[in-house]
> 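Following this message is one structure expressed as C-alpha cells.
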Protein chains: 2
Amino acid sequence: MSTAEETTGGEVEPWEQVTPDAARRLLVAAVEAFAERGYHATTTRDIAGRAGMSPAALYIHYKTKEELLHRISRLGHDKALDILRTAARREGTATERLSDAVSSFVRWHAGRRTTARVVQYELDALGPAARAEIVALRRQVDAEVRGIIDDGVAAGEFRVPDVQGTTLAVLSLCIDVARWFNVDGPRTPEEVGTLYAGLVLRMVGAEPAAPAQR
Amino acid sequence: MSTAEETTGGEVEPWEQVTPDAARRLLVAAVEAFAERGYHATTTRDIAGRAGMSPAALYIHYKTKEELLHRISRLGHDKALDILRTAARREGTATERLSDAVSSFVRWHAGRRTTARVVQYELDALGPAARAEIVALRRQVDAEVRGIIDDGVAAGEFRVPDVQGTTLAVLSLCIDVARWFNVDGPRTPEEVGTLYAGLVLRMVGAEPAAPAQR
DNA sequence: GCCGAAGGTGAGCGCTCGCTTAGAGCGGCC
DNA sequence: GGCCGCTCTAAGCGAGCGCTCACCTTCGGC
C-alpha cells in the first residue's frame, strides 16, 4: 500500500542514495554524533573517527562541517515530507488519511530517532541560505497536514475551530516524539504511532471509530 | 540594548531571588545567550559581554559555565513545577484543573520562551549529577499531570485508555511550544494557552464545555 | 587614616577547534 | 611503463575556547 516501506525494526539504512561509500559512512557517523551530543558539541575529529578515517578525510567529501548538517537536514526533510505526502494523497476519508499520516510520521520520528533529532532540532546551526531552504520544506510539511484537516472539516468529519493552530499542534506533537522517545523504553514506534493517531483524531473532533488502517 | 525588564503577560522577572546583582545579570545574560545559540555555541566571553562585564568576572560568581546552566535549569524547573502544582491542587473538577494546568503551563512556555528553551532543551549539556537532579524534578512534573488525569478518569469525566501515554503526550505538546513559539507571530501566549487547553480536553475525552477561566 | 574583604579587570595559559597542505598509495588507461 | 586522477593520511596552522592569575578599586569598621 504505502510506497514508503517503513518497518522500523530491521529497517534499511536510508542513506543508500549517498555515494561514494566513504561519504555515506561519514554522513551516518555525523548523524549519530549530532544526535548524541548536538551539532556544536560534535568535533570533526569525532565524526571522522566514528567512520574509521582520519580527520582530513572529511574534507574530501564535504566542504565544511556545516555542509554535512545541511545534507542530513535536506535528506531528512525530504523523507519526512514524502511520508506525509504518501498518507495525504492516498484515497480514503480525511479521518483515515489523518490517522495514517500521524501514525506513519510518528513511527518515523520514533524509529529513526537519531535522524529525526538532528533534522528537527539542529536547524538553527545552519547558515541563512541553508536554513531558508529547509524552512521552505517545513512549510510544505505544514501544508500537507493542514490540507487533510481542511478536507475533514469540509466533509463534516472534523470539528475544528482553529485549523492553523490545530495543524501546528498536531505537527508539534509528532515532532517532539524525537525528543523523548527512548529505544529502551516500554513502547515500540508502532505503539506510539497508534496511540498518537487516536489522540489526534480526538483533537480534531473526529468519530473515534477509526479502523487500524496503515 | 534591550533592558531585562520584560514583563510578558504581566509576569515579573523571576530571577529576583538570585543575588548579588552582578550574579543575576550574568544569569539573565546566559539565559538569553543559551536560548539564542545553544549552550555549546555560547562562549563565556559572550555571556560576560551581554552582562557588561569582563570575561573573568563570570568566575567570581560561578565556578564553571556548566554551573550557570545548572542554576538556570534548576530554577526553571522549580518554576514549572510550581505552576503545575498550583493548578493541580486548586479546588474544582478534574476538567477545570487540567484546563488550568495546561493553559498556565503553556503560557509560561510561550511567554518566557527563552528560559523555557534552555530548561527543556539543554538538559543533555549537564553532567551526570546535575542531570540526575533535574530528571527527578521532571518525574514530579509528570506525576502532577498524571494525577489530574487519574482523578478525571476516576470521576468519570475523562475517557483515557492509556493514562501514562496520554500524560506523556500532553506534556510533550506543552513543552514543544518553547521550540516553535514566535514572539513576533500572530498568537499571544494567552491565545495559545486557551487553544491548547481545549485540545487537551478533547484528547482526554472530556466534555468540551470548559469555561474560559482567567 | 588604615585595613581587609568583596568585586572587578587585563593579560594570557594550555588546549582543542575547524580546516589546510604536502604528499603517499593505488587502480585504470594509453 | 608512465602518467593521471581519486582517495586518504600525517602534520600542523591560526583562531578561539574555558578558565586563571596578579593586581586594582571601593567601602564599611575602627
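The figures that follow rest on heavy atoms only: side chains count, while hydrogens, waters and symmetry mates do not. Order of the sequence lines sets the chain letters (A, B, ...), proteins ahead of strands, with each chain counted from 1. Keep in mind the model is a prediction, meaning the values are calculated, not measured.
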> Quick check on D:dC6: is either OP1 or OP2 less than 4.0 Å from any side-chain nitrogen or oxygen of A:His61?
no
> Nearest heavy atom decides the nucleotide; on that basis, is A:Ala57 or B:Tyr39 closer to the 5' end of DNA chain D?
A:Ala57
> Atom OH of A:Tyr62 to atom P of D:dC8: distance rounded to whole Å?
11 Å
> Can you measure A:Glu67 atom CD to C:dG18 atom P for me and round it to whole angstrom units?
15 Å
> Is there a side-chain polar atom (N or O) of A:Thr44 under 4.0 Å from OP1 or OP2 of C:dG18?
yes
> For the side chain of B:Pro20, counting heavy atoms from C-beta on, which of C:dG8, C:dG7, D:dT7 is nearest?
C:dG7
> Output yes when B:Arg90 and B:Glu96 qualify as a salt bridge under the 4.0 Å nitrogen-oxygen rule, no when they do not.
yes
> What's the NZ-P distance between A:Lys65 and C:dT20, to the nearest Å?
14 Å
> Closest nucleotide of DNA chain C for A:Glu66 versus for B:Met53: which of these residues is on the 5' side?
B:Met53
> Of the nucleotides C:dC19, D:dG18, D:dA11, which one has an atom closest to the side chain of A:Ala56?
D:dA11
> Under 4.0 Å, heavy atoms only, any strand: does B:Thr43 hit a base, just the sugar-phosphate, or nothing?
sugar-phosphate
> Ignoring hydrogens and angles, does a donor from either the side chain of A:Arg45 or the base of C:dG18 sit under 3.5 Å from an acceptor on the other?
yes
> Are B:Arg97 and B:Asp100 close enough for a salt bridge, meaning some N to O gap below 4.0 Å?
no
> Provide, to the nearest angstrom, the distance between the CD1 atom belonging to B:Ile60 and the P atom belonging to D:dA22.
15 Å
> Test side chain to side chain contact (heavy atoms under 4.5 Å, CB included) on B:Asp124 and A:Glu36 and set out the steps.
CA-CA 9 Å; B:Asp124 290 346; A:Glu36 261 177 45; over 6 Å; no
> How many Å lie between OH on B:Tyr59 and C1' on C:dG10, as a whole number?
16 Å
> Below 30° counts as parallel, above 60° as perpendicular, anything between as tilted: where do the rings of A:Trp108 and A:Phe105 land?
parallel
> Which whole-number value in Å describes the distance from A:Ile47 CD1 to D:dC8 P?
16 Å
> Rounded to the nearest angstrom, tell me the gap between atom CG in A:Asp21 and atom C1' in C:dG27.
17 Å
> Expressed as a whole number of angstroms, how long is the span from A:Leu58:CG to D:dT7:C1'?
14 Å
> Scan side-chain atoms only and decide if A:Arg85 and A:Gln140 contain a donor-acceptor pair under the 3.5 Å cut-off.
yes
